[in-house]
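Worksheet: one structure, shown below.
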Amino acid sequence: MSFFTYQDGQMQAEGVPLARIAEQVGTPFYCYSSAALTAAYQAFAAAFSGQPATICYALKANSNQAVIRTLTALGAGADVVSEGELRRALRAGVPASKIVFAGVGKTAAEMAAGLDAGILQFNVESMPELRTLSAVAAARGRNASVSLRINPDVDANTHAKISTGKAENKFGIEFGAARAAFAEAAALPGIEPAGIALHIGSQLTGLEPYRAAFTRMAELTATLRADGHAIRRLDLGGGLGITYGEERPPAIRDYAALVKEVIGPLGCDLILEPGRLLTGNAGVLVTRVIYVKEGTSRSFVIVDAAMNDLIRPALYDAYHAILPVAEPASDAATRRVDIVGPVCESADTFATQRPLPPVAAGDLLTICSAGAYSAVMGSTYNTRLPTPEVMVRGGDYAIVKARPDYDAIIDQDSLPDWLVDTGVSRSRGVA
Ligand code: LLP
C-alpha cells in the first residue's frame, strides 16, 4: 500500500497535499510518511514474530532523527557503521542494548565510543580489526561482544556496486578462514565471541541467494560448535529489495519462513538489519520544473532537484518512478522526455526517455521511492543547498531538517592567515 496517492487531483502524503508543503518549504524537499514507516516496520516485525529476532534498522538508509525515532518507538534497534551513526542512534533514543556496530573500517576511536556506550555487539570484518578491538577493549577493562562477519561467497544477483557477499568484495572474513578466526577470537583478551554475521548485498529481488548464504552459515555454525565455540547469535544482515518500478521482490513472510527453515533449528538469537525495506517507499523527493527545453532529438524537463539531492540514478542507473504532483487526466497523452537537474554534468539525469504527461515550468513532480539512500547520500556539489526533509503524520507535517542558508554552507570554509589580508574585499551578500 502506498501512502503517497492522488486525492482530489493532487498527490498527497497521507492527508497532506505535497503542493502545500512545497509552498511553505520550497523545493526540492524530501517528504516522509510516518504511517508508511510504521506499516513497513510492523509488517517486518509481524513476519518475524515467534522467532527470537532483534530488528536493528540499518541507519545508513535514512538517519534523520525523526525517522530513527519513529522506528525505535516501534521497537527497532539500530545497525550503525560509524561513530556519527552511533551518536544519531543514541540521540534518537535507541537503547545501546539494541545497537550493532558494523562496517569494514572501524577506527580505534569508533570502537572506544561503541564500548563506552555499551552496545550489543560489534560485527568484525577482518583479523587486524579484531586485534585492534581486543586492544581497545582490554585497555578499557571491557569485553566486546563480537560477531565475525563471514563472507559466504554467494552472488546476490544485484547491482555490482551494492553486492557484498562475493569473495572478491571487500567485506567480511573469507569463509575458509572462519575457523582460524574464531580460534584466535576465543583466545584474545577483551573479546567475547557471540556468533556469526553476514550480509550479501542490497536490493535483492530473489530468495535463492539468501538460501545459499544461510545454508553456508548453518554449516559453519555446526563446524564452529564442533570446534568448541558457543555460537549463540546470528546476524543475517539486510538487503531485501523493494519495488521501484517493475521489481517483484520476495514477500517478507517468505523471507521469514526461509530464515525459520534454515536458521531456526540452530537455536540462536537473531539480528536482522533491514534498511531500504523500512524506509525506501516511505519517502519521496518533490521537485519543481524550472524549464522545458525542446531539442531536435530530445526534450529535456529541467527540474530544481539534482544529483546532489538524489544520486542513485547517476551512481547506479537506478530507476525511480516520477509522477506529476497534479494528477494528469486519465486520458492524458504522454511523451518521452529526459528529466534532468541543473548540475553541470550529464550524469545529473533522473530519467532518460521517460514517458511523462505534458508538464510546464512551475509544475511539481514527485520522484518516488526516495526514502532510502537518498537524503543521506546528498551533498552540496555546485554549492547547492542541502535538501530539507519533512515528515507527515495523518493531516500534520513538520520540518525534520531545515534548509540552511548559503552563509551556513560557505561559513564552513575558513581562510588561512596569509589570505586574510590580501587587500581584496569580501562581500557576504548578493543583495
Ligand atoms: N547491513 C549491512 C552490513 C549493510 O552493509 C547494509 C547495506 C544493510 C544492512 C542494509 O541493507 P538494505 O536492507 O538497506 O538493503 N546506496 C545503495 C545501497 C547501499 C547498501 C549498503 N549496505 C543504494 O542506494 O542502492
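Read the numbers this way: they start at 1 and go in the same order the structure lists the ligands and their atoms.
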Seminar exercise, completed: The protein residues that pass the under-4.0 Å heavy-atom test against ligand 1 are Ala58, Lys60, Asp79, Arg149, Ile162, His199, Ser202, Gln203, Gly238, Gly239, Glu273, Pro274, Gly275, Arg276, Arg312, Tyr316, Tyr373, Met377
Exercise. Which pairs, with at least one residue in residues 33-59 and sequence neighbours excluded, count as a salt bridge (charged side-chain N to carboxylate O under 4.0 Å, His left out)?
Worked result: none
Exercise. Any luck finding a side-chain donor-acceptor pair between Asn151 and Glu174 under 3.5 Å?
Worked result: no
Problem set entry | Aromatic ring proximity, centroids under 6.0 angstrom, Tyr244 and His320 | yes
Problem set entry | Whether Asp309 side chain and Ala306 backbone form a donor-acceptor pair below 3.5 Å | yes
For this session: Consider only side-chain N and O atoms of Asp235 and Ser147, and report whether a donor and an acceptor are under 3.5 Å apart.
Result: no
Seminar exercise, completed: Only one of Leu285, Ile322, Thr287, Val325 passes side-chain contact (heavy atoms from CB on, under 4.5 Å) with Thr366, and that residue is Val325
